[in-house]
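Down below is the structure, laid out as structure tokens.
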Amino acid sequence: MKAIELEKAYNPKDFEERIYSYWKEKGEFGPKEGKEGHFSVVMPPPNVTGILHMGHALNNSLQDIIVRYHRMTGVPTLWVPGTDHAGIATQNVVERQLKKEGLRRQDLGREKFLERTWLVKEKHHDIIKSQLEKMGCSCDWEHERFTMDEGLSRAVREAFVTLYERGLIYKGKYLVNYCPKCGTALSDDEVEYENMPGKLYHVRYPYADGSGYITVATTRPETMFGDVAVAVHPDDERYKAVVGKLLLLPLTDRKIPIIADSFVDREFGTGMVKITPAHDPNDWECGRRNNLEAINILNPDGTLNDNCPEKYRNLPAVEARELVVEDLRKDGYLIKEEEHSHDVGHCYRCHTVIEPYLSDQWFVRMRSLADKALEALRKSDIVFYPKRWENTYSHWMETIRDWCISRQLWWGHRIPVWYCKDCGEQIVSREDVCSCPKCKSTNVEQDSDVLDTWFSSWLWPFSTLGWPDSTEDLARFFPTSTLVSAYDIIFFWISRMIMSSEEFLDKAPFRDIVITGLVRDRQGRTMSKSLGNGIDPLEIIDRYGADAMKFTLCYMAAQGQDVLIDMDSFKMGSRFANKIWNATRFLLMNLEGRNLVSIEPSMFTTMDKWIYSRFNEAALAIEKAMESYRFNDAAQAVYSFFWNDFCDWYIESSKQSLLHGSDDEKDRRISIVMDLLEKSMRLMHPFLSFITEEIYQKLPNHKGDVIVAEYPKYDPAMIFEAEEKAVEALQETMRVVRNVRSSLSIAPEKKFKVVLRPGEGFAATKLLESENAFVSSLLGASEFIVDETKSVDVDSAFPANGNGFEAFVFVRDAIDVDGEIAKLEAEIKKAEKNLEACLSKLSNENFMSHAKSEAIAKEQAKKAEFEENVRKCREHIDLLRSI
RNA sequence: GGAGGAUUAGCUCAGCGGGAGAGCGCCUGCCUUACAAGCAGGAUGUCACAAGUUCAAUCCUUGUAUCCUCCA
């Protein structure tokens with residue numbers, strides 16, 4: 001056989017794109033026939049507003065690892081990719097573009113505006129798709145979906161109409177969160193609260209009969225034009241007498257009553273609050289309880305409307321506030337103003353201050369949906385990783401409020417409701433409506449609003465598989481297996497998917513919910529455009545490769561913890577990939593002139609058994625880690641097996657036979673090494689996909705593509721405990737002797753004789769003899785003698801201590817006797833301290849009677865070890881003195 | 001106001017009821033022909049603080065402090 005050559009340097013650019021195209025063209029990403037069952041994942045669809053950031057990179061890296069892992073176990077596996085139309089966000093992008101051209105969306109009209117938005121969608125979609133491909137995501141592009149696809153749109157209508165038929169959708173005039181900039185209502189979850197400085201104004205409201213005045217405190221005096229009452233707590237002794245009296249609303253000629261309502265906080269301000277039902281959620285509720293009118297004082301753009309005195313009309317709220325305050329002060333109504341910080345709601349998309357706004361909106365009645373979703377958790381149909389999110393989920397479900405689903409936008413799914421302009425009939429329909437079923441008029445018009453974006457994404461796990469049709473995909477891949485998402489969209493998305501799935505398909509949409517942390521910078525700040533602290537995944541790929549990025553993220557993604565990174569973090573993965581590359585390169589070089597032979601356990605040396613054992617333990621560790629979504633543990637198992645076991649010890653030990661062995665031995669060894677290399681590529685493939693495929697296909701013993709090769713399974717028959725102990729002992733002897741060389745500053749080229757005296761039960765005695773050549777070469781020993789009978793004269797040698805053995809290094813020069821004795825004395829001190837702790841435990845009756853027998857045995861072993869240590873150190877000091 | 005998380009090496013973070021770990025960084029010595037993106041060796045910690053439970057606490061319980069999220 002000829003040697004196989006690899007480029008000298010690992011350069012991911014040479015093959016990552018080629019390999020991805022190869023997989024894609026071969027159709028490796030799609031589900032294959034295989035074992036029973038299925039494994040399916042739907043990708044959280046990125047918004048078509050932008051490009052992918054590190055959060056996406058983390059999320060999709062983890063999904064890719066899970067998906068590849070399961071695909072290799074042989075079950076039919078599907079990963080559905082796609083994108084989200086992201087209503088407000090995308091519309092904002094287009095409106096910003098228009099603004100630069102001096103246009104508003106109304107100037108274009110709905111149709112032209114949407115045409116333009118589709119172009120933006122196409123552009124971003126293409127970028128996102130290419131990014132996912134660069135990352136190496138093994139999602140099935142044949143199954144790609146977009147939330148406004150024809151099929152998904154049908155799903156949206158089906159969901160809406162079904163809920164309507166079940167009495168779970170209603171329309172009504174309600175106080176909603178309204179973003180004046182976006183010009184639309186928002187759901188409660190789309191409002192972000194931020195503590196801001198503000199002022200608390202104390203305002204006098206005179207009694208209508210002129211008998212004095214009361215004082216109310218408010219942060220928003222301009223809303224007084226919408227006041228319909230002043231409320232006090234019913235048990236508030238101060239005000240019991242005045243309930244029912246009328247007040248004159250300053251700056252107006254309206255009269256409003258004093259009412260009693262128990263929601264009033266007696267401690268706040270004067271204990272009297274103005275009630276403005278149309279502009280405050282609490283007041284809205286209070287108004288409903290007390291049958292009060294709601295006076296809307298705002299236009300949709302946030303300016304004051306005709307319900308206010310003329311002077312203030314069409315002023316933005318903030319300006320109106322200043323004017324109102326000024327006028328109140330002028331007229332003597334303003335008693336005082338004080339600094340007051342409070343939480344103010346902002347639009348989660350454009351960060352404009354939210355106005356509570358009274359308008360006609362569509363809502364979903366959530367109680368019954370939430371109850372089913374809670375039941376799913378209770379029955380463990382869904383499991384969160386990490387578990388603590390289950391509380392958050394439950395709490396949200398328990399305190400859920402109705403969901404406002406209509407948006408006054410153009411980009412999105414039109415609400416499937418039509419109104420007859422002649423007879424006023426309202427028609428809710430799965431099909432487009434052209435004529436009124438009641439009066440047959442063709443003068444019908446569809447509701448102009450669109451649905452909240454999340455009303456399509458909450459159907460994602462089944463709409464992407466063909467629902468509402470009963471498709472083969474749906475039967476085969478639903479419910480999906482695992483959902484991977486960051487915690488910031490648990491409410492927006494995850495919770496709602498569970499509700500919709502339970503409602504429409506009577507099943508949870510997935511079993512395992514993996515909540516990842518957020519990616520942050522080294523200072524722990526979220527990455528954002530405004531801070532300029534973001535890292536572009538493509539830049540990482542460009543510099544270090546996609547494998548390095550995925551592996552590093554995996555290594556750092558511990559159990560939903562936030563991941564703090566900078567550009568240099570990815571060196572870790574890059575170095576590991578380089579290590580894999582070079583190890584392979586070396587081994588493939590050694591194929592020159594060799595024949596691969598079939599491998600039988602009977603031909604294994606101790607080192608062989610050890611490495612197979614370590615391999616199997618790694619496979620087991622990875623399996624366990626993957627089962628519980630402990631990605632960092634899996635990555636660590638991969639890393640330490642390949643680097644610390646396979647490269648550092650196994651390949652090193654193999655060099656002897658590969659370079660100096662007989663032909664048979666060389667054949668035997670290279671065959672085993674190739675077997676391990678081939679298995680390692682399979683083991684590592686989910687975590688470092690490109691490099692393992694590139695290497696795998698070059699291996700003389702590979703079969704097909706590693707992406708669909710069988711994942712190594714833990715094999716208890718290939719665990720060799722005795723051999724593991726022996727190799728551990730060998731490693732310990734090497735460390736001890738190397739330490740001597742290092743601490744005595746002996747040049748590497750200087751060879752010396754080493755005598756090793758094994759103690760009772762030392763595990764590596766035989767192994768050290770059989771691996772004499774390997775051991776000598778790594779130690780730089782001119783001669784390595786295992787002296788079981790203590791027959792070699794070591795009086796002139798430098799002594800060193802190991803666990804279960806003594807080593808004697810024959811170096812006479814360069815020894816700082818006093819220094820070495822001092823070191824030994826320090827060691828004795830340490831050992832004695834340990835010994836003391838040990839003895840105190842062993843002489844403690846409570847310990848002896850309560851502790852587990854293993855713990856006692858261990859203490860006894862430690863005691864023996866420390867005693868032995870002290871004894872040997874003393875001997876060595878004597879030896880040194882005699883040199 | 002409620003809930004959750006974090007506090008371990010210089011940095012980023014794992015871990016765990018019985019002798020403190022990784023990666024990076026740092027120090028020393030090596031281009032030992034797979035890899036200097038490497039190899040060998042090394043230093044660094046009152047495991048936030050205080051009580052409690054336990055034979056035994058970095059780990060469990062409670063409280064305190066600081067920081068961060070989410071919800072109201």
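All chains are named by letter (A, B, ...) in the order of the sequence lines, taking the proteins before the strands, and each is independently numbered beginning at 1. In this text, all values refer to a predicted model and were calculated from it rather than measured experimentally.
- Using a 4.0 Å heavy-atom distance criterion, A/Arg741 is classed as making no nucleic acid contact.
- A gap of 14 Å separates the C1' atoms of B/A57 and B/U46, to the nearest Å.
- Between A/Glu859 and A/Lys862, at least one side-chain nitrogen of the basic residue sits less than 4.0 Å from a carboxylate oxygen of the acidic one, meeting the salt-bridge criterion.
- Among the heavy atoms of the strands, none lies under 4.0 Å from A/Glu390.
- The interatomic distance linking A/Asn632 (CG) with B/C16 (P) rounds to 11 Å, in whole Å.
- Using a 4.0 Å heavy-atom criterion, one finds that A/Arg630 contacts the sugar-phosphate atoms exclusively.
- Across the strands present, B/G1 finds its partner in B/C71; the criterion is a Watson-Crick or G-U wobble pair with both atom distances under 3.5 angstrom.
- Across all strands shown, nothing is found opposite B/U33 as a Watson-Crick or G-U wobble partner with both distances under 3.5 Å.
- Each of A/Leu58, A/Ile541, A/Ile535 was scored for a side chain to side chain contact (heavy atoms under 4.5 Å, CB included) with A/Met549, with one residue passing: A/Ile541.
- Under the Watson-Crick and G-U wobble criteria, each requiring two contacts below 3.5 Å, nucleotide B/A43 is left unpaired.
- For the P atoms, the distance linking B/C68 with B/U62 amounts to 24 Å, nearest Å.
- For the ring-ring contact (aromatic ring centres under 6.0 Å, His included) with A/Trp581, the qualifying choice from A/Phe15, A/Phe690, A/Phe576 is A/Phe15, the only one to do so.
- Checking B/G41, B/C71, B/G18 against every side-chain atom of A/Arg738, the shortest atom distance belongs to B/G41.
- Taking only distance into account, the side chain of A/Glu652 meets the base of B/A34 through a donor-acceptor pair shorter than 3.5 Å.
- Comparing the same atom, P, in B/A48 and in B/U8 gives a spacing of 6 Å after rounding to whole Å.
- Ion pairing between a basic and an acidic side chain is recognised when a charged N comes within 4.0 Å of a carboxylate O; A/Arg543 and A/Glu539 show such pairing.
- Following rounding to the nearest Å, A/Lys579 (NZ) and B/A37 (C1') show an atom-to-atom distance of 10 Å.
- Using a 4.0 Å heavy-atom cutoff across all strands shown, A/Lys852 reaches at least one base atom of the nucleic acid.
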